[in-house]
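Bear in mind the structure is a predicted one, so any value in this text is a computation, not a measurement.
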Amino acid sequence: MPAPLHIVEFGHAIPKRADTVVIGGGIVGTATAYWLARAGQQVVLLEKGRVGAEQSSRNWGWVRQQNRDARELPLATHSLRLWEEMTRDIGQDLGFRKSGLLYLSDDPAEIATWAKWVRFAQGEGLDTRMLSAAETVDRAVSTGRAWAGGVWAPTDGIADPSRAAPLIAVGIAKHGGQVVQNCAARALEVEAGRVTGVITEHGTIKAQQVVLAGGAWAGSFLHQIGLPFPQATIRSSVIALAPGAEELPPALHTKGITITRRGDGGHTLAISGLGLVDPTPAMLAHARHFIPMFARRWRLVKPGGTEGWRSGFATRRLWRADRPTPMERMRILDPRPSPRAVAETLRRAQALLPALRALPVRSTWAGMIDMTPDGVPVIDGGLPLSGLVVAAGFSGHGFGIGPGAGHLVADIVLGRQPITKVEQYRLSRFGQAAWGKVSEF
């Protein structure tokens, strides 16, 4: 069963011209188009299927600063403020709440790692607190057991994955932008080394700026114009329980299980880091970049099957702009959850929290998390193809930092002072600083 998704309808006609075309209607694409529309641009958001229907509605919904890579932390901090600002401006409930995030552990090494990060974060002005064994008693009362320690992040929170991207798209329209669903971008129109438009399945939109926020599809799209983008995907499985167990914390993480309360009062269950790697042509082409990451995570990340290959999102084939592409054959990536992962997730959750045993499973689903070799996104407007900005490879972190990432991309497009430095997000950090001539098609 697909993940829950709030459906919003928009018009179907595409304009002949725009200032900027944003490709991809996930959280990053919608946030980018929203900030561009607020700045007065004529912006068009293109989504091959439904806005928010892929990984942006299939994640846990966490909006966190805690345990972020230092390179992502500025985006996380800005995003906490921007979630609130966007909610006020759009006038819709995105489900954002500063509920606090609770981390619990019995592993001394894990606690020591958290303590090191907390010292760093407090030096950056964040409100995050280590919990002693005694202090976890009240915070973790719902587990019915003692813990060696933990972390409490009171200003972090959650938002609603089923509503956030679709309702941000409503904000795009509010500010005069255009949202087009069920319309795939087939190719970029290129002249003399710069973007001049986007060729879609329904015609061409002339534009001097294009943002590619295509999630798992980004690598294949860039391959069409000769830009290598090291990208792999992990198929992650999630369980949704029926409402109940109101006494549980809104967001709880342990090494064994992560639990999040949804807007309907139910709970989402997952095991952090657990997933299947479905081999794809694109991943195999860039395998050498990912060997260190997969070697570190071998206990949780296992080889998958042929689902990724068959879905077509990571092809190495070149497609033609005058014919249907893999994106039109697979409007929405809806991968199968792993039965083994689902069973293990439910077992762990019920063992830790007896209150969950009485709650029926409402649905299960999976999502394709697009990864970079270092787990940090690529946000880059300094590519060989002038006028193109790439925002992809968010490695499972995109939902929480989506508003900040979208704002940063808008800053790049508009040439204004960015909300944070951009050097740490360059594609060239993977050793591909120059690729030669960009293909034109």
Side-chain angles (χ1 to χ4, degrees), residues 24 26 28 54-55 59 67-72 75 212-236 272-318 326 333 335 367-385 388-398 401 405 409 421-439:
V28 175
E54 295 191 343
Q55 185 56 25
N59 60 84
N67 290 338
R68 286 283 186 193
D69 186 292
R71 292 168 289 180
E72 284 186 348
L75 286 181
L212 177 62
W217 299 85
S220 290
F221 198 94
L222 291 173
H223 178 67
Q224 306 302 308
I225 54 173
L227 294 182
F229 184 82
Q231 186 178 38
T233 51
I234 294 178
R235 177 159 46 106
S236 178
S272 179
L274 183 67
L276 297 175
V277 178
D278 296 324
T280 64
M283 191 205 76
L284 295 175
H286 297 289
R288 65 184 178 88
H289 293 284
F290 292 93
I291 290 173
M293 181 184 72
F294 290 144
R296 290 192 303 270
R297 301 177 61 180
W298 66 270
R299 289 184 176 86
L300 289 169
V301 177
K302 303 295 184 182
T306 62
E307 185 157 342
W309 198 294
R310 288 184 287 107
S311 67
F313 70 88
T315 181
R316 299 291 287 176
R317 295 177 57 189
L318 298 179
L333 278 177
M368 290 293 190
I369 300 173
D370 66 312
M371 304 289 298
T372 61
D374 60 4
V376 173
V378 169
I379 302 174
D380 197 346
L383 302 171
L385 181 55
L388 175 65
V389 181
V390 173
F394 280 79
S395 305
H397 310 155
I401 64 176
V409 176
K421 62 182 182 179
V422 299
E423 291 75 18
Q424 66 267 39
Y425 307 123
R426 298 288 191 197
L427 180 58
S428 60
R429 71 182 188 268
F430 301 120
Q432 296 163 322
W435 297 286
K437 187 176 185 296
V438 173
S439 303

Heavy-atom closest contact ([X] atom, [Y] atom, distance):
X    : Y    : result
P279 : G305 : CD-O, 3.4 Å
A314 : P281 : O-CD, 3.5 Å
V409 : A391 : CG2-CB, 3.8 Å
L300 : G273 : CB-O, 3.5 Å
E72  : P377 : OE2-CD, 3.2 Å

Task: Which residues share a salt bridge (charged side-chain N to carboxylate O under 4.0 Å, His left out) with D278, sequence neighbours left out - done: R235

Inter-residue atom distance [X].[atom1] - [Y].[atom2], 0.5 Å rounding:
X    : Y    : atom1 : atom2 : value
R429 : R71  : CZ    : CZ    : 6.0 Å
H397 : N59  : NE2   : CG    : 11.0 Å
D69  : Q424 : CG    : CD    : 9.0 Å
L222 : L383 : CG    : CG    : 7.5 Å
M368 : L276 : CE    : CG    : 9.0 Å
H289 : F294 : NE2   : CZ    : 12.5 Å

Under 3.5 Å: donor-acceptor pair, side chain of [X], backbone of [Y]:
X    : Y    : value
S311 : G308 : yes
Q55  : L333 : no
T306 : W309 : no
S236 : G275 : no

Beyond-backbone contact of [X] with [Y], side-chain heavy atoms, under 4.5 angstrom:
X    : Y    : answer
F313 : S220 : no
P228 : H286 : yes
P230 : L427 : yes
F221 : L227 : no
T233 : M283 : no
L75  : I379 : yes
W217 : D370 : no

- [ ] Quickly, which of V378, V376, V390 forms a side chain to side chain contact (heavy atoms under 4.5 Å, CB included) with Y425? Name it, please.
- [x]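 Result: among V378, V376, V390, V376 is the only option passing the side chain to side chain contact (heavy atoms under 4.5 Å, CB included) with Y425.
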
- [ ] Please test I234 against R297 for side chain to side chain contact (heavy atoms under 4.5 Å, CB included), starting from the C-alpha separation and ending with a verdict.
- [x] CA-CA 12 Å; I234 294 178; R297 301 177 61 180; 4.0 Å; yes

TODO: Go through the structure and list residues passing side-chain contact (heavy atoms from CB on, under 4.5 Å) with R426, not counting sequence neighbours.
DONE: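 Testing R426 for side-chain contact (heavy atoms from CB on, under 4.5 Å), a comparison that skips the adjacent residues, returns D380, V422, S428.
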
Open item on the list: Test of understanding: with side-chain contact (heavy atoms from CB on, under 4.5 Å), list the residues that count as partners of L318, not counting sequence neighbours.
Closed with: H223, Q224

Task: Other residues, nucleotides, ligands: >12 heavy atoms within 6.0 Å of R317 CZ - done: no

